[in-house]
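A quick write-up on the structure given underneath.
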Amino acid sequence: MVVPHTHWDREWYLPFQRFRAGLVRMLDEVLDAMAADPAYRFTMDGQLAAVEDYLEIRPARRGDVARFVAEGRLAVGPWLILADEFLCAGETLLRNLEYGMRGAAALGGAMPVGYLPDQFGHCAQMPQMLALAGLRRACLWRGVPAHVDRDAFDWTGADGTTIRTRYLPGGYGNAFGLFTGPAEEMPDRVTAFVSTAEGWAAGGTLLAMYGADHSAPARAITASGLRVATLAEALTGEGGGAAGEQVPRVVGELRSHARASILPGVISARVPLKQAMARAERVLTRYAEPLSALWLAGDSACERLIDMAWRSVIACSGHDSVTGCGSDETAQQVAARIAEAGQTAQAVVDLVAASLSQAAPKGSLVVVNPSPFERTGLVLADLPEDRASLVDASGRSVPAQRLEHAATLLDETVMDDLSRLLGRVHERELYGHEIVSWHAGDGVFTVTVSRHASGAYTYEDLRRAVVEAGPGPWVVRTVAEPVVTVAALVTVPPLGRAVLTARPPEPRLPAPVANALRTDAYGFEPVLDNGLLRVRVAGDGTLSLRGADGTEVHGVGRIAHGGDAGDTYNYAPPPDDRLADRPSRVVVEEICAGPLTGAYEITRVYDWPAGLGGDAGDAGDETDDEIVPTAVTTRVELRAGEPFARCEITMDVRCRDHRVRWHAPLPRAAAGSYAEGQFAVVRRGLAAEGGDGGGDGGGERPIPTFPAESFAAAGGLAVLLDHVTEYEIVRDEINGDEISGDGTELALTLVRSVGYLSRNRNPYRDEPAGPEVPTPAAQCQGPLTVRFAVLPYAGEWHEAGLPRLAEEFRHDLLAVPGTGAARAGDGAVDADGDGPGGGGRVAISGDGVMMAALRERGGRLEVRLVAEHPAATEAVVRGDFTAAWTAGVLGSPLSPLEVSRDDLFRDDLFRDEVFPDDGADGRGPAAYPGSWRTVRVPLTPFAIATVHLGEA
C-alpha cells in the first residue's frame, strides 16, 4: 500500500519563512493534484502547523483543504508540531496534541494515528498520552530496539497502557525510490521492494512510504496500479497487524541506536535554548495559567495571552527547533520565540500579581504558593531599616535574616538652576522611587525617597520649595530611606497566599526555625549544616556532603573539560582527547551565614585549550597550544529545612569545540539510574543499545548519555534540575576497549560547544545527519549560568521524595509588595481579606502525586495529576467544589467522581488553623476550608489523570 506524504521541517538548516516559501509551492501542487484526480491521497507528516502555515499565505484554499480532509483523502494532525519528546515537558506534549486535534477537527478531522516519523527517540509515556487522546495506534521510525523483528509491535507505556505501533524499517521514505527511473522498470522496483519488506511484514499489507523531506510525490502514482492510501487508511486496514496477532512487545521509552540513529547530542547542543524553554514552560504552566484561574477567573485578556504563549511554546518544541540542530539563523528565531512566550506568560503573572498587590496595603508583602501543598520557603524582601521585621496574619513574627543594605545615596548633582530638578520629577516619582520629603540648607537641597512612600505629598509643595530656595549653585542630593534586604521563611497554604506586614524590630527572641543552619563557633573551615545536610568545601573546591541518614560522599563538583569533534547531533571526542579537571587556583569566599541561609562562592581557574585546532575544530589560526584561563564560579547555598544544596555555576565560555561536565562520585556503586521527565521516572542501564544488538544501527555509535527533566539519581546521589539536562553514569573499569562494571560517578553536561550543524565525517556517526553548515553560535560562547541542586540519600528515589523535592526546587514562592491603600491601625492584615488562611481553591496530596497543570476550562477548574510513584497510590483533591469528573485530553468530561466532605481535618493540611463551620461568603477566590469537599482518584504507577472540578 503506497502512502504519498511529505516530511516538512518547518525550520532547520533554513529559517522558518524561507522553508515556508517551498511549503506553499509543494501544497499548491498537492491540492491541484487532488482536485484533478479523485484517487490521489496525501498525508501530511502528523503536524497540523504546516497546513496552518500554508493557509496563512493561501487563505482562499481553506475550502479545498477542508473538503479533502472531510473526504478522507488528505490526512492532517493529530499533532500541532512534531516535537522533540525529551526537550519539553509532558504537559507541553499533551497541549501539542490538544491544539493539533482541535485545529484538525475544524478542518474536518484529525488523522487517528499517533504519527511520529522523525523524532529522535520516544518518551516512556507516549503510549498513554496517545491513548488519552483517543489514539490507539502509533507509527514511528527511530529508537526501536533490536529485538523488534517485525514492522508492528505492541508498545507499553510507563503506566501499562499498550498501543499497537507500526515500525517503519528504512524510515519514513522507505519507498522513495520506487517511482524513480524508467516506467518500464517499475515491476522490477516493486519486486525488489516487496522482497525487502516481506521479511518485516507482520500483516498482509506492505507499507510503502513514498515521500521525503520538503517534497511532494509525483502525480502519476495513481497510474502505477498500486493501491494508494493515506496513512490512516493503511493502518486502520490490514497494514497495522491484526489485533490478536503475536508481535514483539516493547516497554517504556524508545532510545535504542540499533535500528536507526537517535542523534543524542541534541540534548546538550545550545544549552541556553534548553534553559529558556524550561523557564517559559514553568512560568506558563505553573504560574500564569493556574494563578490566573485561581485569582483572575474569567479574565479574557489572561485567556488570550495564555493561548498565545502556549502556541509559541509548542512551536518551539519542534524536533529541529529546541533541539538546536538548525542553522544559527533558525536558533536565533527559536530563542526569540521562546523569549516571547515566556514574556507573554509573565505578563499574565504580572496581572495576577498586580491584583493581589492592590488588595494588600503598602508596606506589606504578598507571598503566593504555586504548589498544591503547603510550602515553607524563603523569599527575599527589601524593607525599610526602621521596619525590617515581618509578622504574619496572626501577628506572629516571621523568621528573617538580614542579607545586605541597599545604597542610600542615589544621585548627587550640582545645579545652578534648581528648577532643573523639577524636570526629573514625574508626579511623585524620582529615579524609580517615590518622594517622601525634602530639605534645603547650607547650599544642599536634599530629596528623600522611598520605594513605597507614605504620608501626604503634592507636586505643588515641592515646586514652591524649589522657587523659595532661590538661585544656586545647589548640591542636589537624592537619598533613599535606608533599606535592608531580608530573607524571610514563610509558610503559605496550598496554591494560596500569605500577607506579611513590616514592623519595627522588637527586642524579642527570634522566631523558632526548624532545621536552621548551625554556625561554626570557630570558623576553621567552610561548612554549611542544617541538620538535614552537612556541606563542607574542600581545598580543591569540591564539596563533601553528609545527609541526616548518614549517606556521605566526597569530591562532589569536579569540573572536567574535554574536546568535541562532533556536531549539534552527535558528541564525538577527538582522537587525542585530553581531559583537564585540575584547577590552577581556588578561592573560597563566604557570601552569607545565618539561621535561614548560608552560601559560599567557590572560584576555580582552569587553563583550557582555545580549541581543537586545524580541521578538527575549525579553529582558524588558533591551535590547541593556546590556553584560555577560565574562571568557573560555583555558588553553593544551603537553606533551613532543605535536604539539598543549591548550586549555581557560572563561567565565561571562551573555548570552542569542547564539552564541560560536572562530576560527582556516587555514595554506592550503581547498576543503573533513574531520571524524571514527561510524566515518568525511567530506569536506565549504564549502556545504550547499538547496532551490535542485532539491528543495523544506522552507523551511530551508542553512548550512555541520557536526558532528565527534573531529576536524575543513581547510587544514593540525586541532582534536582532546572532544565532538561544531559547526564551519564560513568563507569571506570576498562577491559580492553570495553567499559564495564557498575557506575561510580554521575556527570552532568554543563555546556557543549560545536561549530557545525552536521559534520560529513563525525567519528561517532557514519552518515551525515544534515548539511555541513557552519554554526559558530553553537559554540555557545559568552556568559553561562547553570542551576541545579544535589543531595545524598538512602533507599530508593521515591523513598527520598525526589519528585516533591524537585517541585520545591524548581518552583519558587512568588513575592510581591502590597500597593493598596493603608489600613487603619497597625494590626496584622488578614491573609486574603475574606478570612483566615489565604488558601487557594485546591489542595492536592498523595504519595508521589504531582500536579502537572491547573487551568480554568469552561467555567470549571481542570487539574492534571500524575502518579510519579512505583506503586499504586491515591490522589486526594480538596477544594471549594461540589462536583468532579474525570476528563479527556480534549476537555470533555468522561465520568463523575464521588465527592464527599469527610475527613477534611484528619491530616495535617490545616492542623494549625481553626475555621468557622459556615461556608465561604463568595467574596474572593479563597473560600473557608470548612466548605471544602474531597474527591479521591485512584492512580496506578505513573498514571496521568485529568479531573474537572466545579458545581453540581
Side-chain angles (χ1 to χ4, degrees), residues 257 263-271 555 557-584 604-620 622-630 632 651 653-665 686-688 690 699-706 725-741 743-756 758-766 769 772 775 778-781 784:
H257 304 254
L263 312 171
V266 298
I267 302 298
S268 52
R270 303 189 196 261
V271 165
R558 177 172 61 90
I559 303 294
H561 175 279
D564 192 340
D567 48 40
T568 62
Y569 289 104
N570 293 83
Y571 159 80
D576 58 346
D577 195 18
R578 291 179 290 177
L579 294 178
D581 62 358
R582 294 187 178 182
S584 59
R604 288 173 282 182
V605 178
Y606 297 88
D607 296 326
W608 291 338
L612 297 180
D615 179 68
D618 191 35
E622 296 178 313
T623 70
D624 54 7
D625 293 329
E626 297 189 45
I627 298 300
V628 177
T630 303
V632 180
M651 70 181 85
V653 180
R654 292 186 289 157
C655 303
R656 298 178 313 282
D657 302 299
H658 68 140
R659 182 178 70 170
V660 181
R661 300 208 291 183
W662 178 93
H663 290 251
L686 302 181
E700 181 179 59
R701 176 166 175 170
I703 60 174
T705 56
F706 300 104
T725 301
E726 178 185 271
Y727 78 95
E728 179 182 357
I729 305 303
V730 180
R731 298 182 288 181
D732 56 10
E733 184 179 330
I734 302 178
N735 298 317
D737 292 332
E738 296 295 324
I739 301 176
S740 60
T744 59
E745 197 174 44
L746 182 147
L748 296 181
T749 301
L750 301 180
V751 65
R752 193 168 73 85
S753 301
V754 292
Y756 285 94
S758 171
R759 286 184 181 274
N760 293 337
R761 294 175 301 181
N762 185 312
Y764 275 21
R765 189 188 64 242
D766 287 350
E772 192 171 71
T775 55
Q779 299 285 3
C780 297
Q781 293 186 307
L784 175 74

Run the salt bridge (Lys or Arg N to Asp or Glu O under 4.0 Å) test against Asp577 and tell me which residues pass, sequence neighbours left out. none
Would you say Thr630's side chain and Val628's backbone share a donor-acceptor pair under 3.5 angstrom? yes
To check you understand the geometry: which heavy-atom pair defines the closest contact between Pro704 and Ala687, and what is its length? CB-CA, 4.1 Å
Closest approach of Pro574 and Leu612, non-hydrogen atoms and distance? CG-CD2, 3.8 Å
Please round to the nearest 0.5 Å and tell me the distance separating atom NE2 of His257 and atom CD1 of Ile703. 6.5 Å
Using modelled atom types only, decide if a donor and an acceptor are shared between the side chain of Arg656 and the backbone of Gly755 within a distance under 3.5 Å. no
What I'd like to find out is whether the side chain of Asp581 reaches to under 4.5 Å of the side chain of His663, using heavy atoms alone. no
Side chain to side chain donor-acceptor pair (under 3.5 Å) involving Thr775 - partner list, sequence neighbours excluded: none
Does the Glu745 side chain pair with the main chain of Val730, one donor and one acceptor, at a distance under 3.5 Å? no
Between Ile559 and Trp662, is there a side-chain heavy-atom distance shorter than 4.5 Å? yes
Go through the structure and list residues passing side-chain contact (heavy atoms from CB on, under 4.5 Å) with Ala769, not counting sequence neighbours. Leu263, Tyr569, Ser758, Arg765
Would you confirm whether Ser584, through its side chain, and Val605, through its main-chain N or O, come within 3.5 Å as a donor-acceptor pair? yes
Holding to side chain to side chain donor-acceptor pair (under 3.5 Å), I want the full list of residues that pass it with His561, two or more places apart in sequence or in another chain. His658
Arg604 and Pro583: which non-hydrogen atoms are nearest, and at how many Å? CB-CB, 3.9 Å
Got a sec, which residues hit salt bridge (Lys or Arg N to Asp or Glu O under 4.0 Å) with Arg659, two or more places apart in sequence or on another chain? none
Minimum heavy-atom distance between Tyr756 and Asp567, given as atom pair plus value: O-CB, 3.3 Å
Taking Ile627's backbone N and O only, do any of them form a donor-acceptor pair with Asp607's side chain (distance below 3.5 Å, no angle check)? no
Any non-hydrogen side-chain atom of Val660 less than 4.5 Å from a side-chain atom of Trp608? yes
Closest non-hydrogen atom pair, Ala778 against Thr568: CB-CG2, 4.2 Å
Those residues that, when tested against Arg752, pass salt bridge (Lys or Arg N to Asp or Glu O under 4.0 Å) (two or more places apart): Asp564
For the pair Arg701 (side chain) and Gly690 (backbone), establish whether a donor and an acceptor sit closer than 3.5 Å, ignoring hydrogens and angles. no
Return the CZ to CD distance between Arg761 and Glu772, rounded to the nearest 0.5 Å. 7.5 Å
Hey, are the side chains of Ser268 and Thr705 touching, using non-hydrogen atoms and a 4.5 Å cut-off? no
Decide yes or no for Tyr571 and Pro264: does some side-chain heavy atom of the first lie under 4.5 Å from some side-chain heavy atom of the second? no
Which atoms form the tightest heavy-atom contact between Ala688 and Pro702, and what is the distance? O-CB, 3.4 Å
Can you tell me if CZ on Arg654 sees more than 12 non-hydrogen neighbours from other groups inside 6.0 Å? yes
Is a side-chain donor or acceptor of Gln779 paired with a backbone partner of Asp657 at a separation under 3.5 angstrom? yes
